[in-house]
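Please read the structure below before turning to the comments.
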Amino acid sequence: MDTSLSTLTALLRETLSDPRSAARRVIAIDMPDAARWQALLLVVVLSVILVQVALMISPGGAAMGPMGAAPVQAGLLQGVALVMMVAAVHFIGRAMGGSGSFGQALIVIVWLQFVTLCFQILQIVTLIIVPPLAGVVALASLAVFLWLLVSFVQELHGFRSRALVFVMILMSFFAIAFVLSIALAMLGFSVPEPA
């Protein structure tokens, strides 16, 4: 796979303008499974670094609790969440009659996480220049991520109904959040009580 800046930028533009076409290009990427897992690890590490940068420049950064102060735990949590998302996209999609493989689901989630990293960078820039708009950028990035995820999963599994894919993704998110909340509780993390 060509990972030059110009190629990644072109694919990023295509992802935002024509997500299904970009999904076909991402799904068709020919790379060994080990490289896909390394790419997943890379996007997790980059994401944790960007979160730490955002916490350093954000006025409320110190109040982010143990996950904000513990990058290793945050990285592990994000890595587990991404692997669970890959598994959900693959296994639930196949159970619903989809045709995508696990390796294809893995590269799709890695690419979408890379797109999210670009939005994280935009959010950091916004925090520096116009801090009140950083929250708007965060909400917009979440909306774009969901929109792209629906398009990519639809293309990955050959589904026709966008609404069905959206419902399937929402159910998967709730299931993942439930499992992660149990895991966090078992690890000793708790939701801070309001003052």
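Hydrophobic clustering places Met186 together with Phe178 (ILVMFWY residues linked when any side-chain heavy atoms are closer than 4.5 Å, directly or through intermediates). Using a 4.5 Å cut-off between side-chain heavy atoms of Ile, Leu, Val, Met, Phe, Trp and Tyr, with links allowed through other members, Ile109 and Met171 fall into different hydrophobic clusters. Linking ILVMFWY residues whenever their side-chain heavy atoms come closer than 4.5 Å, directly or via other members, leaves Leu76 and Val86 in distinct clusters. Using a 4.5 Å cut-off between side-chain heavy atoms of Ile, Leu, Val, Met, Phe, Trp and Tyr, with links allowed through other members, Val179 and Ile92 fall into the same hydrophobic cluster. Side-chain heavy atoms closer than 4.5 Å link hydrophobic residues (I, L, V, M, F, W, Y) into clusters, and following such links, even through other members, never connects Val167 to Leu142.
A 4.5 Å side-chain heavy-atom check between Leu8 and Trp111 finds at least one atom pair inside the cut-off. Contact check for Cys118 versus Phe114: side-chain heavy atoms found under the 4.5 Å cut-off. Between Gln38 and Leu41 there is no side-chain heavy-atom pair separated by less than 4.5 Å. In this structure the side chain of Val110 never reaches within 4.5 angstrom of the side chain of Gln113, judged on heavy atoms. Annotation: side chain of Ser161 is not in contact with side chain of Gln154 (no heavy-atom distance under 4.5 Å). Side-chain contact between Gln78 and Val51 is absent, with no heavy-atom pair separated by less than 4.5 Å. When side chains are defined from C-beta on, Phe173 counts as touching Leu149, because their heavy atoms get closer than 4.5 Å.
Distance check: Ile124 CD1 to Leu50 CG gives 4.5 Å after rounding to the nearest 0.5 Å. Once rounded to the nearest 0.5 Å, the distance linking CH2 of Trp37 with CG of Asp33 reads 8.5 Å. One finds the CG atom of Leu46 at 8.5 Å from the CD1 atom of Ile121 (value rounded to the nearest 0.5 Å). Atom CG of Leu112 sits about 10.5 Å away from atom CD1 of Ile107, to the nearest 0.5 Å. Atoms CG and CG, from Leu122 and Leu127 in turn, are 10.0 Å apart once rounded to the nearest 0.5 Å. Once rounded to the nearest 0.5 Å, the distance linking CE of Met85 with CD1 of Ile169 reads 9.0 Å.
Thr126 and Ala134 get closest at one heavy-atom pair: CG2-N, 3.6 Å. Closest approach of Val48 and Gly75 over heavy atoms only: CG2-CA, 3.4 Å. In plain terms, the two heavy atoms of Arg25 and Glu14 that are nearest each other are NH1-OE1, 2.6 Å. Nearest heavy-atom pair across Trp147 and Pro19 is CZ2-CG, 3.7 Å. Annotation for Leu156 and Ser99: closest pair O-OG, 4.0 Å, computed over non-hydrogen atoms. Of all heavy-atom pairs between Ile27 and Phe152, the closest is CD1-O, 4.5 Å.
Distance alone, capped at 3.5 Å, is enough to place a donor-acceptor pair between the His157 side chain and the Val89 backbone. Here the side chain of Arg94 pairs a donor or acceptor atom with the backbone of Gly100 at under 3.5 angstrom. For Gln123 (side chain) and Gly135 (main-chain N/O), no donor-acceptor pair under 3.5 Å exists by modelled atom type. With Arg36 contributing its side chain and Met31 its backbone, the two residues share a donor-acceptor pair below 3.5 Å. Counting only distance, with no hydrogens or angles, the side chain of Ser47 and the backbone of Val43 share no donor-acceptor pair below 3.5 Å.
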Q. Would Leu106 and Val83 satisfy side chain to side chain contact (heavy atoms under 4.5 Å, CB included), going step by step from the backbone distance to the final call?
A. CA-CA 8 Å; Leu106 177 57; Val83 171; over 6 Å; no
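Taking the six-membered ring where the residue is Trp, Phe102 and His90 present perpendicular rings, their angle passing 60° and hence far from 30°.
Crowding of Phe119 atom CZ: a count of heavy atoms from other residues, nucleotides or ligands under 6.0 Å exceeding 12.
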